[in-house]
There are 2 protein chains.
Amino acid sequence: MPASSKPKKSTAGIALPHGKNATINDIARLAGVSKKTVSRIINHSPLVRQDTRERVEALMREVGYVPDPLARGLAFRRSFLIGMVYDNPTAQFIVNMQYGALDALRDSGFELVVHPCDSRSPGYIDGVRRFVQQQKLHGVMLVPRVSEDQALADMLDEIGCRYTRIAALPLGEKSKMVVTHDRDGAAEAADYLQTLGHRDIAMITGPGHYRSAVERTAGFTGALANRGIELPKSRIIEAGYTFESGVAAAEKLLSAKKRPTAIFCANDEMAAGVYRVALRAGIRIPQQLSVIGYDDSPLASRLWPPLTSVRRDTRDTGRIAAAMLIQPDEGNHGTRTVASVRPHLVVRDSCQPPED
Amino acid sequence: MPASSKPKKSTAGIALPHGKNATINDIARLAGVSKKTVSRIINHSPLVRQDTRERVEALMREVGYVPDPLARGLAFRRSFLIGMVYDNPTAQFIVNMQYGALDALRDSGFELVVHPCDSRSPGYIDGVRRFVQQQKLHGVMLVPRVSEDQALADMLDEIGCRYTRIAALPLGEKSKMVVTHDRDGAAEAADYLQTLGHRDIAMITGPGHYRSAVERTAGFTGALANRGIELPKSRIIEAGYTFESGVAAAEKLLSAKKRPTAIFCANDEMAAGVYRVALRAGIRIPQQLSVIGYDDSPLASRLWPPLTSVRRDTRDTGRIAAAMLIQPDEGNHGTRTVASVRPHLVVRDSCQPPED
DNA sequence: CTGAAAGCGCTTACAG
DNA sequence: CTGAAAGCGCTTACAG
């Protein structure tokens, strides 16, 4: 990736080396200041006189000067790269998170480097360590479920790498968190079903070692309990957040003598599994069975009837997590509230009051 | 991202600066060679004696030495970053492509930087140019539909940036292509429908300015023509590759006096739109209507009945495209065949012979 | 096959 | 508020 061949708008009388991008030396020479002063301006140091700053900044714009991140990185001993570390969520979730992160990084000089990994494999923490250290990353975003792994966070603390954790509830140091409040989203689903008149309700939740699953279950059962409905153990089935596991769980629930009139699923994939089983068994949604999902993925509106689901604003979540990493304002003022993003129920056509 | 705090396995008698990663100078000193020799070994130069090479390589492994990509990048005037530039395909496609690219980059020292963009916005080519030049990217992968934009490829040629283009058919310089042969995939769908006995067939295709759409249409209609079936214009509807546009196209097709007995959709999203309309209209799939999609996305198996679809191995495609970028073997030997990946039909339950 | 010098484009001390 | 020197960890010419 050699120098630009598109010539810079060359100012009258300004001599720039041809076929090469301007460097800090060119700017310094052209502006008649030392390179250190230019460096101060690049790094927004306050120790530069206002008029000097303005003159140099105008010059930089004019010649299209952008400091070389490689050279800055070498001198700083830190790159201008943000890593996104994730395990295995759905494609739409990853992509939205990336879009959000990129929203925050746009025009900041930082770029996003992706690092999927397998949190079940023993060496994955070392893999992240190598990734961070070899690339001298500026920071990393930890997406669920790796964000929930305290051992990973500990490793990053140990090597002094900044990070943000996106999780259902606050974990560890609050200034590094973006909380998605899954408990509240699930509670809203519960309230909605109760308001519709459902009493015999079931939930298909995610793996017990996912904090999101635990939170969604607690939020759902807690809100129902608040309204006088206790969910028996048999009405809560732990599945694997996958379509297939949703099918299996739904088969269990829907083949029972007495079927629940509503099922809340901890994600849309599993809700699609419920749809599949209901369709095969001739159970009509929403007439005979109300269903709610979680994620509000594209799948929710592809299903028929369109699925009522808890939306989480993943793009916004990613934007906030990335923004926290590149904010100069590093000092955690202590009093700042923890960053968070709120879920909310998107009502479509998959629920109605129970028959009878 | 400071130096490792996990101490290197320190060899007896080897003195490494504490709390810092080893540098090329440490290796040179410890091995008793010049740093230039170490550099030659890092860069796989043949101009090093075999025993010297082995001795130094053993030392590098021992102390866990990895060359600093920032320093190498500065000296080379090129980073160790591969960019992935994409416009707006489905989430699963992007994610699979990323996984594939990362498969190829694993342990290569290269990392993947993502760059979504909007090919309809006028400044997008300049955006890619800045991305490439500021980061001094080693190369970029061009994913459909940006891969089809000759102006983008021209810009990259002009600034001397290496790239690979993933597209339905060969475009421009063949050594930079990964061809997905969409024509063949669509032809396979056509043959299958003809074999089942369908004669009144329709197609919902993508936007005419997508080469993939053109190729899939050509492949489908061509294969049918070969088997004696001419598709009238009215049986080919151009839609937008989206669910909603698939719904609209299906409404047109299925409200006609005489409905087709089979519909081939240029992607799964639009096939889901056909399902939606058929379900609402009480048209049973596959009994009264056969449907085929393209992509074999997760959606294909979430639908009921499970959708027969043309699979493209996107992960493999990404792997090949990234591998081509980092192969030292730069000289296009000319005679090498163009890189390609073949689609194939995955038969599920959405097709059967036409009734009556 | 090997090496000493200079340089890539920045920043960090240290002075003034 | 500003600057000259040294250095970040590599590689590119140029010699031998």
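Note that the structure is predicted; figures quoted are calculated from it, not measured. Chain letters run A, B, ... following the sequence lines, proteins first, then strands; residues in each count from 1.
- Between B/H115 and B/F131, the ring-plane angle classifies as parallel under the 30° and 60° cut-offs.
- Here A/R315 pairs with A/D103 under the salt bridge (Lys or Arg N to Asp or Glu O under 4.0 Å) rule; sequence neighbours left out.
- Neither OP1 nor OP2 of C/dC10 sits under 4.0 Å from any side-chain N or O of A/N25.
- Looking only at side-chain heavy atoms (C-beta outward), A/L137 and A/I82 stay at 4.5 Å or farther from each other.
- The distance from atom NZ of A/K136 to atom C1' of D/dC10 is 11 Å, rounded to the nearest whole Å.
- Under the 3.5 Å distance criterion, the side-chain polar atoms of A/S79 are matched with a main-chain donor or acceptor of A/K136.
- Near DNA chain D, meaning a heavy atom under 4.0 Å from it, residues 67-75 of chain A has A/L74, A/A75 in order of number.
- Rounded to whole angstrom, the span from the CD1 atom of A/I24 across to the C1' atom of D/dA4 amounts to 14 Å.
- A/D26 places a side-chain N or O within 3.5 Å of a backbone atom of A/T23 that can act as its donor or acceptor partner.
- We find that CG of B/D51 is positioned 11 Å from C1' of C/dC1, with the value rounded to whole Å.
- Rounded to whole Å, atom P of D/dC1 lies 9 Å from atom CZ of A/R53.
- Within the 3.5 Å criterion, the main-chain N or O of A/A75 finds a donor-acceptor partner in the side chain of A/R77.
- In this structure, the CZ atom of A/F80 is 11 Å from the P atom of C/dC10, given to the nearest Å.
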| Pair pattern of DNA chain C in dot-bracket, where unpaired bases get dots and | marks partners in another strand, Watson-Crick or G-U under 3.5 angstrom | |||.||||||||.|||

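- A/E173 places none of its side-chain heavy atoms less than 4.5 Å from the side chain of A/M177.
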Name every donor-acceptor pair, under 3.5 Å, that has one atom in a side chain of residues 147-156 of chain A and the other anywhere in the protein, sequence neighbours excluded.
from   : atom 1 : to     : atom 2 : distance (Å)
A/S147 : OG     : A/I166 : O      : 2.6
A/E148 : OE1    : A/R211 : N      : 2.9
A/E148 : OE2    : A/R211 : N      : 3.2
A/E148 : OE2    : A/S212 : N      : 3.4
A/D149 : OD1    : A/A151 : N      : 2.9
A/D149 : OD2    : A/Y124 : OH     : 2.5
A/Q150 : OE1    : A/R165 : NH1    : 3.1
A/Q150 : OE1    : A/R165 : NH2    : 3.2
A/Q150 : NE2    : A/D154 : OD1    : 2.9

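- For the pair B/Q134 CD and C/dC10 P, the computed distance is 12 Å after rounding to whole Å.
- Protein atom CZ of A/R78 is 14 Å distant from nucleotide atom C1' of D/dC8, rounded to whole Å.
- In this structure, the CZ atom of A/R77 is 11 Å from the C1' atom of C/dA13, given to the nearest Å.
- For the pair B/I41/B/M60, a side-chain contact is recorded, criterion being any heavy-atom separation below 4.5 Å from C-beta on.
- Checking A/Q98 against B/Q98 by side-chain atom types alone, a donor-acceptor pair falls below 3.5 Å.
- Within residues 32-41 of chain A, the residues having any heavy atom under 4.0 Å from DNA chain C are, by residue number, A/K35, A/K36, A/S39.
- Here B/T52 does not reach the OP1 or OP2 of C/dC1: none of its side-chain N or O atoms lies under 4.0 Å away.
- In terms of the side-chain contact (heavy atoms from CB on, under 4.5 Å) criterion, residue partners of B/A31 (sequence neighbours excluded) are, by chain and number, B/V33, B/R55, B/V56, B/L59.
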